[in-house]
Amino acid sequence: MAEGTPAARRGGVRTPDLETPFVFNADGSRNFLHPADVRGRWQRRKNVVYAALIAFYLALPWASVGGHPAALFDIPRRQAFLFGLALTSEDFWLLFFVLSGAGFALIVATSLWGRVWCGFACPQTVFLEGVFRRIERLVEGSRDARIRRNLGPLTGDKVARKLAKHGIFIALCVAVAHAFLAYFIPARELLGIVRAAPAAHWTAFLWATVMAALLYFDFAWFREQTCLVVCPYGRFQSALIDDDSVVIGYDAARGEPRVKATETGGDCIDCRRCVVVCPTGIDIRNGLQLECVGCSNCVDACDEIMDKLGRARGLIRYDSKRGFDGVRRRFLRPRVAIYAALGLIGATVFAFSVAGRAPFEVRALRTRGMPYTFEGDKLRNLFNVRVENKRAEARTFTLRAGSPAGVSPAPEVIVAQGEVTLEGLSDTTVPVFVTLPASAYREPFPVPLTVTETASGRATTIELRVLGP
Ligand code: SF4
Ligand code: SF4
């Protein structure tokens, strides 16, 4: 151990530093963390946010907007509903704007308030900190009790507590997996699937099982590794924040030099309470680090210590780098304005695209490799006309063929179904036959076909291009 390293200073006990990730041991194995419980004003605020978000995540697919699920991505039926917006597979490109809009909102939030998403709203944090860690503390006790028990021999008490904890974890993961499936299977259909035997719905059963297994792996074991190793967002956050972004930091000017509570020096008494509560195992006193998920545990932990010492809170606090340097923070900066403007442009394009969507779509397809056929001395073209109702409600459409100009004798046009009624967000294919004497064919010509939505009178005319030898 090199002299002067944090470990050396602590007499051989390893402490977080900037040289190695604390969550890994020197041999590359996992250093499993046992974050201590913490109380304080930010924990109370997070509890309210977590409860509201969990209720929101779980209730959303069951809520209804305009008679349809508030959020449903029905992949087998190639349709989606999102807060009253009904989308068919043809409209899925619009989701690009929804996702990029969410991305820009996240970027703006990050440049203003650092990793506020990670600490307060990411489902990983919300479920891990808001549900699973709480259960762990409830069943296995405080950080010290958990460490002692994990290092100790296998006793009846240890087995019972582990079984109870993992049993609750598995039950919760199964429940959350099903709640998540409700975003892809209509909620009432899902209820029927859950009640039926697994063999009756193998695909859904498999999805639910895989998802529950992944959730269990994540929340029972992988935990902070998801944020540190898997999530890409943490990697580029340093490119999004600047000296004016609000982050969680340590006021080194006030805290250093670290001394005992009874001695004269900085305000930090090196109690390490801010370190043991950190869910990613870092020491924020080493400066802002990639591993900090902005959970605010260290803020509350240090405030508690300052309260006990009768000193001002905020040795660790939400502030910008400028703020920590004693300079006034700027809220609006060019980068925030540019990110917000890009997001606004995307939102505007999305709004116009949604407003300008046709309520139905008509498209003619031919049998591949067979543009025309002969029946005796007759030339025949077969078209498959696809009519798609893009409204969420059922609609009736009429199909009428017109006469092509300048073709004599006029070809015979047979529309297999002159009227079709389609359920909301569904489509059908209507065959259309165009027949004429082969000797009358000179060159390709168009036959107009008009499809009219009977309720609104709105019509679309397409051209069926007749081909011949
Ligand atoms: S909790 Fe506060 S006083 Fe204790 S080590 Fe951390 S910064 Fe220092
Ligand atoms: S340093 Fe503080 S805010 Fe960052 S992850 Fe650790 S406890 Fe949470």
Side-chain angles (χ1 to χ4, degrees), residues 6 9-10 13 15-18 21-23 31 33-47 49-50 110 113-122 124-126 128-130 133 143 223-229 231 233-235 237-238 241 245-321 324:
R9 287 200 296 275
R10 292 216 156 263
V13 179
T15 56
D17 55 51
L18 293 176
F22 192 66
V23 289
N31 179 21
L33 301 176
H34 300 84
D37 211 353
V38 60
R39 284 180 191 78
R41 58 191 164 143
W42 287 103
Q43 306 309 307
R44 287 195 292 278
R45 288 169 192 167
K46 280 198 304 185
N47 288 346
V49 175
Y50 288 170
T110 308
W113 304 296
R115 291 179 76 168
V116 64
W117 162 263
C118 299
F120 282 79
C122 174
Q124 165 77 11
T125 309
V126 169
L128 179 59
E129 303 301 329
R133 277 207 215 275
R143 164 188 156 88
R223 300 186 165 185
E224 78 286 344
Q225 304 284 317
T226 301
C227 309
L228 306 184
V229 182
C231 178
Y233 170 57
R235 316 244 149 233
Q237 57 131 356
S238 52
I241 61 172
S245 305
V246 172
V247 292
I248 288 174
Y250 165 68
D251 191 341
R254 180 184 150 190
E256 303 294 321
R258 300 168 198 177
V259 290
K260 288 186 182 149
T262 49
E263 295 171 356
T264 310
D267 272 349
C268 176
I269 57 166
D270 206 13
C271 64
R272 303 190 70 250
R273 182 75 184 133
C274 54
V275 181
V276 295
V277 298
C278 180
T280 60
I282 62 171
D283 185 341
I284 195 66
R285 296 173 300 168
N286 293 332
L288 184 62
Q289 294 147 72
L290 184 78
E291 292 94 332
C292 176
V293 293
C295 70
S296 72
N297 284 5
C298 53
V299 178
D300 280 337
C302 190
D303 279 353
E304 201 180 8
I305 299 295
M306 292 298 116
D307 286 351
K308 282 182 186 156
L309 295 173
R311 296 177 189 171
R313 288 178 170 187
L315 179 55
I316 295 177
R317 63 177 184 270
Y318 280 100
D319 207 339
S320 64
K321 179 164 182 311
F324 281 113

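In this text, all values refer to a predicted model and were calculated from it rather than measured experimentally. Order of appearance sets the numbers: ligands from 1, and atoms from 1 within every ligand.
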Any donor-acceptor N/O pair, Thr125 side chain to Cys118 backbone, under 3.5 Å: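 A pair under 3.5 Å: yes.
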Exam field: side chain Asp300 to backbone Trp42, donor-acceptor pair closer than 3.5 Å: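 Flag set: sc Asp300 to bb Trp42 pair under 3.5 Å.
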Which ligand 2 atoms does [X] reach within 4.0 Å, using its non-hydrogen atoms?
| X | value |
| --- | --- |
| Cys298 | 1 (S), 2 (Fe), 3 (S), 7 (S) |
| Cys295 | 3 (S), 5 (S), 7 (S), 8 (Fe) |
| Ser296 | 3 (S), 8 (Fe) |
| Ile284 | 1 (S) |
| Thr280 | 5 (S) |

With a 4.5 Å heavy-atom cut-off, do [X] and [Y] have their side chains touching?
| X | Y | value |
| --- | --- | --- |
| Ile248 | Cys298 | yes |
| Gln43 | Asn297 | yes |
| Phe22 | Asp283 | no |
| Cys268 | Leu315 | yes |
| Leu33 | Arg223 | no |

I'd like to check which ligand 1 atoms, numbered from 1 as shown, lie under 4.0 Å from a non-hydrogen atom of [X].
| X | value |
| --- | --- |
| Ile316 | 7 (S) |
| Arg272 | 4 (Fe), 5 (S) |
| Cys274 | 1 (S), 5 (S), 6 (Fe), 7 (S) |
| Arg285 | 5 (S), 7 (S) |

Among all the protein's non-hydrogen atoms, which is closest to [atom], and how far away is it?
| atom | answer |
| --- | --- |
| atom 3 (S) of ligand 1 | Ile269 N, 3.6 Å |
| atom 6 (Fe) of ligand 2 | Cys278 SG, 2.3 Å |
| atom 4 (Fe) of ligand 1 | Cys271 SG, 2.3 Å |
| atom 2 (Fe) of ligand 1 | Cys302 SG, 2.4 Å |
| atom 8 (Fe) of ligand 1 | Cys268 SG, 2.3 Å |

Arg254 CZ: over 12 foreign heavy atoms closer than 6.0 Å: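 It does: Arg254 CZ has more than 12 such atoms within range.
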Metal site atom 8 (Fe) of ligand 2: N/O/S of Cys292 inside 2.8 Å: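 Here the distance criterion (N, O or S atom, under 2.8 Å) is not met by Cys292, so no.
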Mutual orientation of the aromatic rings belonging to Tyr318 and Phe120 [parallel < 30°, tilted 30-60°, perpendicular > 60°]: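 Ring orientation, 0 to 90° scale: tilted.
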Mode of Val293 contact toward ligand 2 - side chain, backbone, both, neither (heavy atoms, under 4.0 Å):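 Contact part for Val293 vs ligand 2: both backbone and side chain.
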Pairing of Lys46 and Glu129 as salt bridge, 4.0 angstrom limit: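 No, Lys46 and Glu129 are not salt-bridged.
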